[in-house]
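Below is one structure, written out as structure tokens; comments come after it.
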Amino acid sequence: MFKVPAVSVNPHNLIYQVHDGAVGAISVFDAGVPLTDDGDVASLAALAAAVIPGGRYRTCRALGLFRLGAAPYRTVTADVVEGAALADRSAARVVERMLIRMGLGASVDAVSVAALAAAAPGEAGIFIGDERSGLAAMQDVLASVGGWLLTAPTGAIEVGRLAAPGVPVMQIGEGQIEARSLRLLRVSDPGEGLPAWRVVLRHRRHWHQYQAGDVAEMLSQELRADLARDALDVIAEAPAVRSRHPLAPELTFDTLLTDVGAAAAEAARRLALYSVRRDLVALDVLSGDGKRGAAGGERPARPVTARLSGRARHGCDRPAREQWRDGLVTLTLWG
């Protein structure tokens with residue numbers, strides 16, 4: 001994470017905290033100026049007892065702490081790396097550790113986590129400096145790669161991501177569809193299903209928004225401009241789509257990705273998803289035993305790809321919910 005606002009937890013000893021656990025690296029800035037790393041210690045006692053020259057800082061990475069050698073000039077921030085290796089910092093692995101910290105590690109579906117980590121290996125990171133639910137924070141991380149999270153009927157917590165419909169895994173014939181139940185739904189994306197011609201994907205977020213008074217005067221205008229931004233943009237375009245559809249929208253996505261390569265790949269992937277026309281349909285089909293009965297309720301739906309009556313190919317838009325009532329299942333399909 002970049003430019004994380006360091007929290008002063010011991011003003012007398014100039015000790016700051018950037019995470020309530022272990023981190024892999026801490027790079028400290030005072031008024032945007034990088035300070036010099038003076039080494040790492042293993043305990044809070046050793047950090048408090050250290051003699052540190054001015055212009056330097058010493059870390060206790062095991063506790064997510066650092067200590068300055070002299071009083072700060074202005075705002076103190078830090079670039080922070082959490083996760084032992086790059087492979088541990090994908091969106092899937094970050095969410096997995098969040099679930100473990102919440103005491104839900106035993107419920108995590110390791111297979112789905114590994115599959116998403118392999119499909120979207122780009123580095124992601126989140127800094128939480130306010131009160132929010134764990135679910136909201138995890139959704140922010142997963143949204144960076146078009147991901148989702150659900151609780152399966154077994155109780156396992158699964159993750160995945162929205163992908164274009166692929167090879168059908170099931171076929172729904174006319175005899176399985178409840179009469180007059182097939183209906184076209186409104187697409188809520190900007191453009192309401194109209195192909196998008198450009199995707200702007202925001203990444204490499206600055207967690208502290210520098211103001212003019214936060215930055216040291218010695219810094220160049222270029223560095224000042226870089227510190228003033230809140231994120232970087234990467235753009236993927238399809239001009240041919242705009243030629244065919246003059247009203248084609250431009251879509252902008254905020255992400256927590258930190259690497260420009262991963263951001264560019266995700267922008268291209270989303271352009272491929274959104275640059276073609278998409279329809280959203282719902283239909284009622286008989287439940288698994290093919291009989292209508294008194295069953296009712298709802299359960300999470302995994303994304304599937306289906307072929308309707310041997311024609312159009314549709315896939316589940318997202319793990320919305322399967323609605324069960326009177327022996328029927330309502331499926332929401334996108335394609």
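Taking the side chain as every heavy atom from C-beta outward, Pro195 and Val276 never approach each other to under 4.5 Å. Within the 4.5 Å cutoff, the side chain of Val329 has no heavy atoms near those of the Asp284 side chain. By the 4.5 Å heavy-atom criterion applied to side chains, Asp37 and Ser27 are not counted as neighbours. Within the 4.5 Å cutoff, the side chain of Phe29 has heavy atoms near those of the Asp79 side chain. A heavy-atom distance below 4.5 Å is found between the side chains of Arg161 and Leu116. Inter-residue side-chain proximity for Tyr16 and Val76 is flagged as met; some heavy-atom pair is nearer than 4.5 Å. Counting heavy atoms from C-beta outward, Leu194 and Arg277 have side chains that stay 4.5 Å or more apart. Looking at heavy atoms from C-beta onward, Val159 lies in side-chain contact with Leu142 at the 4.5 angstrom threshold.
The ring-ring contact (aromatic ring centres under 6.0 Å, His included) search around Phe127 returns none, not counting sequence neighbours. For the ring-ring contact (aromatic ring centres under 6.0 Å, His included) test, residues two or more places apart in sequence or in another chain that qualify with Tyr274 are Phe253. For the salt bridge (Lys or Arg N to Asp or Glu O under 4.0 Å) test, no residue two or more places apart in sequence or in another chain qualifies with Arg205.
Heavy atoms from other residues, nucleotides or ligands lying under 6.0 Å from CD of Glu217 number more than 12. More than 12 non-hydrogen atoms from other residues, nucleotides or ligands lie less than 6.0 angstrom from CZ of Arg132.
In this structure a side-chain-to-backbone donor-acceptor pair under 3.5 Å is missing from Asp30 to Val33. Without hydrogens or angle criteria, Arg74 side chain to Val215 main chain gives a donor-acceptor distance under 3.5 Å. Put simply, the side chain of Asp40 gets close to the backbone of Arg61: a donor and an acceptor are under 3.5 Å apart. Although no hydrogens or angles enter the test, the distance criterion places a donor-acceptor pair under 3.5 Å between the side chain of Arg278 and the main chain of Leu273. For Arg269 (side chain) and Val145 (main-chain N/O), a donor-acceptor pair under 3.5 Å exists by modelled atom type. His206 places no side-chain N or O within 3.5 Å of a backbone atom of Ala228 that could act as its donor or acceptor partner. Without hydrogens or angle criteria, Asp88 side chain to Ala85 main chain gives a donor-acceptor distance under 3.5 Å. Of the possible donor and acceptor atoms, none in the side chain of Tyr57 sits under 3.5 Å from a partner among the backbone N and O of Gly39.
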Derivation of the side-chain contact (heavy atoms from CB on, under 4.5 Å) call for Tyr210 and Thr77: CA-CA 10 Å; Tyr210 281 89; Thr77 62; 2.7 Å; yes

Given side-chain contact (heavy atoms from CB on, under 4.5 Å), test Gln176 with Leu286 step by step and report yes or no. CA-CA 6 Å; Gln176 298 169 274; Leu286 294 175; 5.6 Å; no

Report the C-alpha separation of Arg204 and Glu123 in whole Å, then their side-chain angles, then the decisive distance to 0.1 Å, and conclude whether the salt bridge (Lys or Arg N to Asp or Glu O under 4.0 Å) test is met. CA-CA 10 Å; Arg204 199 179 172 87; Glu123 184 182 61; over 6 Å; no

Evaluate Arg202 against Asp233 for salt bridge (Lys or Arg N to Asp or Glu O under 4.0 Å), listing each step before the verdict. CA-CA 5 Å; Arg202 313 201 75 214; Asp233 294 342; 2.9 Å; yes

Show the numbers, then the answer: is there a side-chain contact (heavy atoms from CB on, under 4.5 Å) between Ile235 and Arg198? CA-CA 7 Å; Ile235 298 172; Arg198 172 188 282 176; 3.8 Å; yes

Checking Arg186 against Leu280 for the side-chain contact (heavy atoms from CB on, under 4.5 Å) test, could you report, in this order, the C-alpha distance in whole Å, the side-chain angles of both residues, the deciding distance, and whether it holds? CA-CA 7 Å; Arg186 179 178 177 179; Leu280 189 64; over 6 Å; no

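A pairwise comparison of heavy atoms in Ala42 and Ala62 identifies O-CB, 4.4 Å as the closest pair. Across all non-hydrogen atoms, the minimal contact from Ala262 to Gly122 is CB-CA, 3.6 Å. Shortest non-hydrogen contact noted between Tyr73 and Ala31 is CD2-CB, 3.9 Å. In plain terms, the two heavy atoms of Glu178 and Ser181 that are nearest each other are O-OG, 2.8 Å. The minimum heavy-atom distance linking Arg270 with Gly146 is given by the pair NH2-N, 3.1 Å. Residues Val234 and Ala267 come closest through the heavy atom pair CG1-CB, 4.2 Å.
Remark: Ser144 OG to His203 NE2 distance equals 11.5 Å, nearest 0.5 Å. To the nearest 0.5 angstrom, Trp197 atom CH2 is 4.5 Å from Glu237 atom CD. Going from atom CG of Leu99 over to atom CG of Asp109 covers 11.5 Å, rounded to the nearest 0.5 Å. Considering CD1 of Ile157 and CG of Leu104, their distance stands at 4.5 Å, rounded to 0.5 Å. Separating the CZ atom in Arg56 from the CZ atom in Arg67 is a distance of 15.0 Å, to the nearest 0.5 Å. Distance check: Leu182 CG to Leu333 CG gives 9.0 Å after rounding to the nearest 0.5 Å.
Hydrophobic clustering of Ile, Leu, Val, Met, Phe, Trp and Tyr side chains at less than 4.5 Å, counting indirect connections, keeps Val18 apart from Phe2. Linking Ile, Leu, Val, Met, Phe, Trp and Tyr whenever their side-chain heavy atoms come within less than 4.5 Å leaves Leu35 and Leu219 in two separate clusters. No chain of hydrophobic side-chain contacts below 4.5 Å, direct or via other Ile, Leu, Val, Met, Phe, Trp or Tyr residues, connects Val9 to Leu14. One hydrophobic cluster, built from ILVMFWY side chains closer than 4.5 Å, cannot hold both Ile100 and Met102; they sit in different ones. The same ILVMFWY cluster, assembled from side-chain heavy atoms under 4.5 Å apart, contains both Leu149 and Met98.
For His208 and Asp214, the side-chain atoms include at least one donor-acceptor pair closer than 3.5 Å.
Under the salt bridge (Lys or Arg N to Asp or Glu O under 4.0 Å) rule, Glu82 has a single partner from Arg101, Arg89, Arg97, which is Arg97.
Ion pairing between Lys3 and Asp226 fails under the 4.0 Å rule for side-chain N and carboxylate O.
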